[in-house]
Amino acid sequence: MSDPAPSDLPTHFDFSTSETALNDAWERAGVFRARAERTTRAGGDRDPFTILIPPPNVTAVLHVGHGLNNTVQDVLIRWRRMAGDEALWLPGTDHAGIATQNVVEKLIAKEGRTRFDIGREAFVARTEEFVAETGGLILKQLRAIGASADWSRTAYTFTPQLSLAVREAFVRLYERGLVYRGHRVIHWCPRCLTSLSDEEAEFHDAVGKLYHVRYPLADDATRGITIATTRPETMLADVAVAVHPDDERYRDLVGKQLRMPVTGILIPVIADAYVDKDFGTGALKITPAHDANDFEVGKRHGLAMPVTITADGNIGEVADAGGRVPAGLMGLDRFEARDRIAEALKDEGALVKVDVHPHSIRRCYRCNTVVEPRLSDQWFVKMAPLAEPALAAVKDGTVRLLPEKWEKVYINWLEGIRDWNISRQLWWGHRIPVWTCENGHADAYREDPTACRVCASTKLEQDPDVFDTWFSSWLWPISTMGWPDEDATDLKAFFPSDVLVTAPEILFFWVARMVMSGYAFMGRAPFHTVYLHGTVRDMQHRKMSKSLGNGIDPLDVVDRYGADALRWTVIQGMGLGVDVMLDPEDLDRSFAPGRNFATKLWNIGRFILMQVGEEAVSPVDAVKAADLTLVDRWILDRLDAAIAECDAALGPARPAAAPRMARKAGSKEVGAADATAAQPTWPPAERQVGMRLDAYAEAARRFVWNELADWYVEAVKQRLAEPGADREVARAVLVHAFDRALRLLHPIMPFVTEALWQRLPGRAALAPDAFLAVSEWPRTRAAAGATAPDGSAFDVVREAIDAVRGLRSEYGVTPGQPVRAFVARDERTAPLAEASALLQRLARCELVFDAAPAGAAAHAVLGNGIELVLPLAGMVDVEKECARLRTELDGLTKQLGALRGRLGNEKFTAKAPPAVVEAERVKEREWTARAEQLHGKVKELCG
RNA sequence: GGGCGAAUAGCUCAGUUGGUUAGAGCACCUGCCUUACACGCAGGGUGUCGGGGGUUCGAGUCCCUCUUCGCCCACCA
């Protein structure tokens, strides 16, 4: 890079040009590309560290939720890359069956056509074309926020390779007897014209009406049963009224016939324990084809199952319903029919009453249409056997969910797992590989069959349905790695992966099912950590959404403040699992933390580059310990502390591969146990540790801003200005500390840190393709086996400066006015003597090592007992000082009283840990000394 | 209906196994263009840790209870 001289650098980081240039440079150098052969699993010396992107819909456009999700992944992957792992972040997209189909349907609707007008083949071709043209835009957008994914491995759930995995998975489950054809009531979306899984039919609160309808006895219209229903339109398909067998009210009616109003159809009264005696009237109308529970009741009693609602949600005689639908209702929309039937009931006098009834209704998760329960044939996966190892994995710590509360939700769901409806009546998706021959032999085939496996008939027809889109998503951790080829290079090197970063909304849709598929097809969990982050919300805590118009476009933020500002803001404000609040109305304020810090960092760098010059600096290790000044030692200490804090906040990258545990006595499953025993589990002490990205960000920020910039840089300004040996020491320490700070911050702010790091002196000696992005993650001196001289002596200096500044402010001494502070001569003042020039510069305070002159004075006592005295003659009135002293003394007396009370309490001294008691004793001595001192001053000054 | 969680500064949140005078960022107030940065510097905490009770030498932290809020699941028509 040809650079301007440091002094010509602008005062703000020019992110708009630098970000693109850096992205290009990184990609050219291939720093994001993972190499299987370097992993330990392939005989190399690097631990693999893999993150699989939660594939966004192929038609998706980047929104702030993606921004957050992918920033987290990128921070983790950059961290591990620097820490020496072979880091793979595998990007890709999801074909998103139902969602993409809806998009294309809308597109052709603009041409006045439906998918049925153009036919299945043309529709699929049209969708493929649309995806090819516009799909994957989001992956390009991810580059703009700095995503360091391995783009050479970009995957898509609908490629031939992944389709093969989907087919293989289905056939294997089929062969294991875990797939079956079910005839039952499922969730049906009348707009998408497809069945939905339980998870795809989401509950929404609604205030409906509860209609009480009287069904009279066929042979005695004066008697009857009143039932309650929220969906009177389904009465057209009623086949019975059920009561509880023990219900005295209805006992004599069981077995009798009722004549339904409106249709006049006769239906029996049956007894079934499913009915709740205490709900409504205790009588329940039974509509087996349009209610999942009624279906079960109907099966038990061998009842007919007429279908009176069509696929698109209208009234009609669909199946076994001859003569049930009155002509006037035929073809009506289901909700219109509801009102019409209610009117008809009212006219007949059969409508007893209508109550307001708050309840939950299910809606399609893609189009929000009210879901209709509907009798149909679908493919299901038996989930209980698959759930078992997935449940055990979380219980035994093979997989941890962060934050922990989601483990309970996960376990709760898996323990009550229900079978998964995987067939969809859509056109966009993987066709179900089941063929049925003319003789009715249905079977699953790995290859498209030319003849029936059973009877060799060549007249075969493929099931018209496609798979639930999640049936391909759940294979993501293995299909993207080359499965079903178990020898695939990537599968061997990078599976299982490490961390999955996603939103809790898809815990069941995706996360739990991936764990299941990992065990079902590879015998292992696909990752060891699931990081479930919060949601981005506006200031009213509403989820950001297009329809509410409260969204934030991440690319807009990148344009205004840079990708680093976006990333920093999101990471530093994100506690584990906590929602991030941003104000779409005030981007300046929302992204101030990131914008401000990026600029601060840039200016620290700018200053350092200007002061340090171009000549190479010696490594800090080469500096003799004796040549380090107080502040040098201090900043190196603080650096160690910051590294340790960052490491602690990030936590262990993976559970340690503990030595194989001794097999439990009596365990005979030697061979079987081995495959899973090899997968390490999180020790209880580490299960909730790490992944505190906000704490990591804060530790790094505090070091570079509050310690390096606020203190060290200020302290070394003078040394840098004067040529000589000490200047070289200062340069060495300064460059070292800043270099390490850039490393710590790089995962969060990759661009500004790389731009600065590339300009550090000594870069010329490095290889031309040396990047901060692949530089070594900092280690503490202790971790590196080096000795660390104590830097705490500088604390006295800092305290003295703080104290003088505080006193100045308190007494209203203007910043420009020089002051003198007196310190009684004492060997403990040695650090102050060494740093008195600093005190002069940073606090405009001349230090005098002598007794203070008599008269009004301000006092400050430093932590090690040194008293600092500022004469206030001519600067402040005595009364004010007296008042201040008295206030301090009062407060101290109160605190001392409490403290002495505790120390005098035998129970405390006997029961509290000795260390705590000792600390209290020390404190008591210090406070007592201070109190006596204050007493003296008050007497002397105030009489 | 079942399960889970939260309530700490104006806002968003930390607060590790109970142990100094409860912290951070943003916001706010005061003063500063001090040879990098006003997107900055220096100073300032503005709090009955939701209410009540209990355990303890000691409670923001543990237990009970009440209040409020949120999340997940569920076959009450």
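Below, chain A is the first sequence line, B the second, and so on; all start at residue 1.
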Between A/Trp602, A/Phe591, A/Trp568, which is the residue that forms a ring pair (Phe, Tyr, Trp, His ring centres under 6.0 Å) with A/Phe597?
A/Trp568

Short side-chain N/O contact from A/His541 to OP1 or OP2 of B/rU12, under 4.0 Å:
yes

Grab the CZ-C1' distance between A/Phe908 and B/rG18 for me, whole Å please.
13 Å

Identify which nucleotide among B/rA74, B/rC57, B/rA24 has an atom closest to any side-chain atom of A/Ser360, counting heavy atoms from C-beta outward.
B/rA74

Pick the P atom in B/rG47 and in B/rA42, then give their distance to the nearest Å.
25 Å

No-H, no-angle donor-acceptor pair, A/Lys600 side chain to B/rC37 base, under 3.5 Å:
yes

Rounded distance in Å between the P positions of B/rG5 and B/rG60:
22 Å

Counting neighbours of NZ on A/Lys209 that are heavy atoms of other residues, nucleotides or ligands and sit closer than 6.0 Å, is the number greater than 12?
no

Around A/Glu415, counting heavy atoms of other residues, nucleotides and ligands shown, do more than 12 lie under 6.0 Å from its CD?
yes

How would you label the contact of A/Arg418 with the nucleic acid (heavy atoms, under 4.0 Å): base, sugar-phosphate, or nothing?
sugar-phosphate

Given the P atoms of B/rC63 and B/rC4, what is the spacing between them in whole Å?
14 Å

Go ahead and name the base partner of B/rG5; Watson-Crick or wobble counts if both distances stay under 3.5 Å, otherwise write none.
B/rC69

Can you find an N or O donor on one side and an acceptor on the other, under 3.5 Å apart, linking the side chain of A/Gln572 with the base of B/rA24?
no

Rounded distance in Å - CG (A/Leu284) to P (B/rC75):
15 Å

Looking at every strand, decide which applies to A/His212 at a 4.0 Å heavy-atom threshold: base, sugar-phosphate, or nothing.
nothing

Quick one: label A/Gln718 by what it contacts on the DNA or RNA (base, sugar-phosphate, nothing), any heavy atom closer than 4.0 Å.
nothing

Paired to B/rG45 by Watson-Crick or G-U wobble criteria (both distances under 3.5 Å) is none

Value in whole Å for how far the P atom of B/rA36 lies from NE2 of A/His12
14 Å

